[in-house]
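Heavy atoms only: backbone and side chains are in, while hydrogens, waters and symmetry mates are out. Throughout, protein chains are lettered first and strands after them, A, B, ... in sequence-line order, and every chain is numbered starting at 1. In this text, all values refer to a predicted model and were calculated from it rather than measured experimentally.
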Amino acid sequence: MSEFQPKIVTFLCNWCSYGAADLAGVSRFQYPPNMRIIRIPCSGRVSAKMILHAIRSGADGVWISGCHPGDCHYIEGNYYARRKFYLLRELLAHTGLEPDRLQFSWISSAEGVKFAQVAQEVIQTITALGPAQRLIKQMPDAVAEVA
Amino acid sequence: MNPYKPFNVKIRDILTETEDKSLKTFTFEFASPEDEAAFDFTCGQFGMLSIPGVGEIPIGIASSPTEKPVVKFTVFKTGRVTTHLHNMKPGDFMGIRGPMGNGFPMGRMEKKNLLIIGGGFAFTTLRSLVEMILQPQNRDRFGTVDVIYGARTPGMLLYRDELEAWEKRSDINVHITVDGTDDPDWAYHTGFVPMVTESCAPKADGNTMAIVCGPPVMIKFTRPVLRDLGYGDEEILMSLENRMKCGIGMCGRCNIGQELVCGDGPVFTLAQLNRTPGEF
Amino acid sequence: MNMIRVTKQAVATALAKASKSYAIAGPVKAGAGHEFRCLGQGQVPDLEYTHTRLSPKSLLFPQAEPMFHFKLPETTGEPGDTPPAFLEAESFKEAPLAVVGLRPWDARALDLLKLNFDSPDYTDPFFIKRYNAMVRVGLADIHPDPENFSLAAGSGPFDEASVDILLADAGDAFIGKVITGKGRDFAGAAGFEPGSPDDAKAFAALKAAAEKEADILPACDRINDADTLDLYHADFWEAAAFSCINCGACTFACPTCWCFDIQDEVNQGKGVRLRLWDSCMTDLYSAHASGHNPREKGFQRFRNRFMHKLKYFPDKYGAGIMCVGCGRCITQCPGGIDIREVMAAMNAAAATVQQEVSP
Amino acid sequence: MTTATKERAENALQEKIQEKIRGIAATLLENGTVDAVIGYSRGSLSHMTRAIMAKTREDAQKLVFNSHCRMNLAAYLTPELMEKACAGKDRAGKVAVVAKGCDSRNMVIQIQENRYARDQVHIIGVPCTGMLDKAALARGVEQEQANCATCIRRNPVIHDDLAGDPVPETDPDKDRFADVAKIEAMAPPEKAAFFDDLVSGCTRCYACRNACPLCYCPTCFVDEARPQWVGKTVDPTDVMTYHLVRAFHDAGRCTDCGACEAACPMDIPMRHFTRKTIRDTVTAFGCEAGTDPDKRPALDRFELKDPEGFIR
């Protein structure tokens with residue numbers, strides 16, 4: 001298990017958390033390289049289909065990070081996102097997915113340290129869960145047996 | 001034999017045809033001589049361009065059988081497969097299935113005068129036909145040949161070098177038209193294909209067949225013009241397209257009534273189509 | 001040996017014996033109903049079943065079928081860099097599959113499907129290999145569902161035309177008829193006992209009773225001679241289709257619907273091209289890449305489905321309608337559409353036109 | 001009351017409602033208030049009804065109301081229908097719709113989402129005492145649909161006519177979400193197994209989607225090709241992804257009308273997905289979808305104090 005390196009798809013909002021990731025990099029704060037970062041205009045832009053698509057394609061976890069409440073570039077996008085992610089996380093947990101595979105955070109563009117820290121935590125949490133088992137697409141490689 | 005498995009082909013050449021770069025002509029060569037022999041096509045047939053992992057699309061064959069061993073397709077960038085194809089480069093590999101469809105009825109067209117009418121990028125299979133006819137060994141098999149070809153603007157015309165070459169010949173009458181142009185030196189027609197057909201096309205003489213390929217709206221307005229010129233429904237050939245998946249008459253979706261565009265077509269006489277519900 | 005007999009207790013033993021030379025498939029309980037499945041060792045089909053929700057067509061034409069595999073270049077994962085290796089789908093075992101408990105009309109449907117998958121120009125290898133390797137041990141229906149109109153659709157509860165053996169439930173035993181050589185081989189392998197002349201009489205009586213019970217409506221006699229375009233332009237289609245929600249329930253349940261989609265799936269450089277059931281009820285089915293759709297409206301797709309089954313197909317193949325009267329679409333339609341009523345409406349439309357023409 | 005007498009009473013009630021619907025429909029059509037009336041008509045099977053668009057007085061006599069009106073007619077209120085209804089007239093189309101309590105809640109949401117304007121529909125509201133479960137009927141059992149048993153709005157929220165006297169609403173303090181709690185009590189692997197089994201018979205016919213008045217995206221996410229979010233097969237992951245995203249897309253909007261389950265040819269109880277989002281919407285945000293025309297759906301508004309314990 002100690003060798004398991006999770007793949008984490010990370011959606012960062014353009015205005016805050018992406019800036020934080022940038023700042024963490026410029027400031028040379030270390031965090032493990034398990035993430036594939038996708039820049040998005042706002043955390044409110046992320047839909048359920050994107051999260052599930054990441055998992056079905058082999059991500060062990062998905063991390064979404066946006067601006068702090070009140071700081072959204074679009075005034076209130078992250079408030080809507082908060083409701084949406086609450087319901088989605090609950091629904092996925094209800095149907096058997098480990099809820100911690102989905103990670104959320106608010107990180108402003110000034111919080112390079114927090115970014116590196118949260119990244120560490122996210123990776124630790126998902127590493128502890130082990131490889132994802134659920135909602136992963138398996139290739140149909142055998143002919144459906146009829147005879 | 002698995003008819004769903006494509007032949008391996010390599011892109012030999014890619015030519016951007018139009019100024020907006022939305023149309024490119026791809027020249028393919030087959031990886032194996034057996035596949036090349038198996039892809040034995042006639043004018044008016046089509047093939048499935050097959051990109052593994054992306055999908056398949058039916059496209060009319062733009063080259064003449066006389067251009068073998070290569071085969072050419074002119075592709076409009078519109079969906080997932082065509083967009084992917086437009087981003088590929090010479091030397092890349094992919095697949096082709098085919099040839100499919102009935103093609104133009106050469107038996108019925110021989111010895112006849114031909115009036116060939118095309119609009120937009122539906123002109124591709126007509127290029128195959130004209131190219132074949134103009135070969136020295138074939139030219140005598142047909143009577144007079146009139147080609148009416150329209151595009152939106154001069155920059156949207158396909159096969160410009162060939163059109164110029166055809167223009168210089170005496171054994172073919174070429175009438176090129178564009179919907180509109182601001183080029184003061186434009187030496188050809190301006191106006192829609194049906195209008196040009198009205199003024200340039202030969203009247204029906206009982207020995208002429210009209211072959212029409214184009215967008216639905218062009219077909220709609222060309223039909224009455226041809227009727228006024230005296231063409232009977234049996235003398236008008238149309239090449240159609242419908243959404244299809246298999247290309248070999250099994251997946252069901254390209255039907256127009258009981259006719260399948262992939263197997264019974266894509267070339268139909270207008271008389272045949274008049275007996276169908278016309279869902280194309 | 002023409003008549004055979006097997007007591008109900010002996011069915012399991014007989015099938016175990018037959019399974020030495022045949023793979024066995026049959027109806028088993030699945031979810032809230034029954035479905036056809038390939039059976040494992042010792043698994044016995046539930047021959048007390050009335051109907052399956054999905055038809056047995058999936059035994060020849062599975063809902064998802066890999067047609068071939070391919071590998072994408074590992075370096076880029078993008079198609080195009082090296083010649084794609086188009087690998088054959090793993091060839092399935094061609095051991096004969098005995099389908100035990102097949103209803104006669106569902107068996108007929110398999111023969112109708114063959115008209116599509118085995119044409120003079122192309123043969124679908126997946127379908128046809130399975131088709132040829134199949135032995136059909138039919139089970140007559142002594143009490144057809146009220147929605148079943150198979151007798152009117154050219155088959156019937158005791159139709160022998162498309163089965164190799166036809167069994168019927170005679171209380172404590174199944175009695176039946178061996179119809180083909182394939183059937184004789186299977187009966188031998190299963191060790192079915194020969195039946196008596198009394199069994200033959202009982203079989204005939206059951207048949208007569210079931211056929212009497214079977215709904216012989218609706219008439220569609222005038223559709224054949226009607227002009228396609230008259231039916232197509234008849235004015236009842238929009239109203240008839242109003243309740244239809246254009247889902248695919250009818251097409252997926254239908255034993256004779258064969259339309260399919262082709263899709264590629266890729267994961268980590270390995271890919272497969274799949275054939276998937278498709279439904280003519282969806283707008284995506286006929287939508288061109290340009291956005292144009294020749295059957296844009298729901299009722300047009302509804303019309304195409306019924307015209308295909310009841311007019312285009314009969315005209316094209318001369319093999320009757322593309323419907324075996326199983327009634328699945330009637331019981332499963334969320335909108336309450338009934339193909340018998342559509343047939344009647346088409347027949348009436350045909351009659352109106354014919355009256356107008358003849359003085 | 002014994003079950004039998006209760007049933008008879010209900011049938012008598014429904015017959016009265018049916019007469020009223022016919023009368024209202026005939027009047028509306030005759031005086032030109034509406035171009036068409038969308039209602040239920042008798043189906044060919046005794047336990048089914050069929051949607052019809054009545055355009056004449058005679059058509060209006062075909063309208064029925066009974067315990068088999070499971071379809072949600074709000075699903076038929078498409079822009080094309082509105083357009084067609086007024087063909088040849090120089091004004092926007094207006095149609096009347098027969099709507100049960102739950103259906104009217106869907107119409108509230110459709111209006112909030114600008115699917116059509118309030119004045120384009122004339123709602124013939126029906127006080128409803130519940131529908132009979134189709135899957136149970138197939139087993140020979142007469143039993144109320146599960147969603148009707150936990151219904152909170154048996155009388156229409158909005159209506160222009162009411163085809164019957166209002167019926168008493170159910171006890172609001174009743175534990176409505178016992179079904180959700182039961183699943184929540186399961187361990188994660190049990191939950192996974194429960195839902196995997198639940199959708200195992202799904203053929204992706206999309207009857208549930210098409211029967212839903214709120215599933216009206218011009219292109220459903222399952223049909224999107226660039227990118228393709230989900231495979232088109234019946235592979236367990238593809239099927240589960242479809243059901244999850246469908247349910248999530250209706251979160252905060254779903255009124256538990258049960259049309260999806262009633263439409264399913266395989267009798268899959270897919271409300272177990274939406275029930276969870278309904279419960280969470282109520283407990284976390286205090287929203288009951290479509291019960292108040294002045295309140296936007298739950299995911300279309302927010303509060304500063306919304307739960308965020310799950311966010312780092």
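For a residue to count as touching a neighbouring chain, one of its non-hydrogen atoms must lie under 4.5 Å from one of that chain's; by this rule A/Thr125 touches chain D with the side chain only. Proximity to chain A is limited to the backbone of D/Gln228, based on heavy atoms less than 4.5 angstrom apart. Interface residue A/Leu92: only side-chain heavy atoms are found under 4.5 Å from chain D. With a 4.5 angstrom heavy-atom cutoff, A/Arg83 touches chain D via backbone and side-chain atoms both. Contact annotation for A/Arg82: both backbone and side-chain heavy atoms come within less than 4.5 Å of a heavy atom of chain D. With a 4.5 Å cut-off on non-hydrogen atoms, A/Gln103 touches chain D through its side chain but not through its backbone. With a 4.5 Å cut-off on non-hydrogen atoms, A/Leu87 touches chain D through its backbone and its side chain both.
The aromatic rings of A/Tyr79 and D/Phe302 lie parallel to each other, their planes meeting at an angle below 30°, with 60° marking the opposite boundary. Ring planes of D/Tyr242 and D/Phe221: parallel class, angle under 30° (limits at 30 and 60°).
The candidate from D/Lys191, D/Lys276, D/Met186 with the greatest count of non-hydrogen atom pairs under 4.5 Å with chain A is D/Lys276. Comparing D/Arg301, D/Met240, D/His243 by how many heavy-atom pairs each has under 4.5 Å with chain A, the most go to D/Arg301.
Cation-pi contact between A/Arg39 and A/Tyr18: present, with separation from the ring centre below 6.0 Å and deviation from the ring axis of at most 45°.
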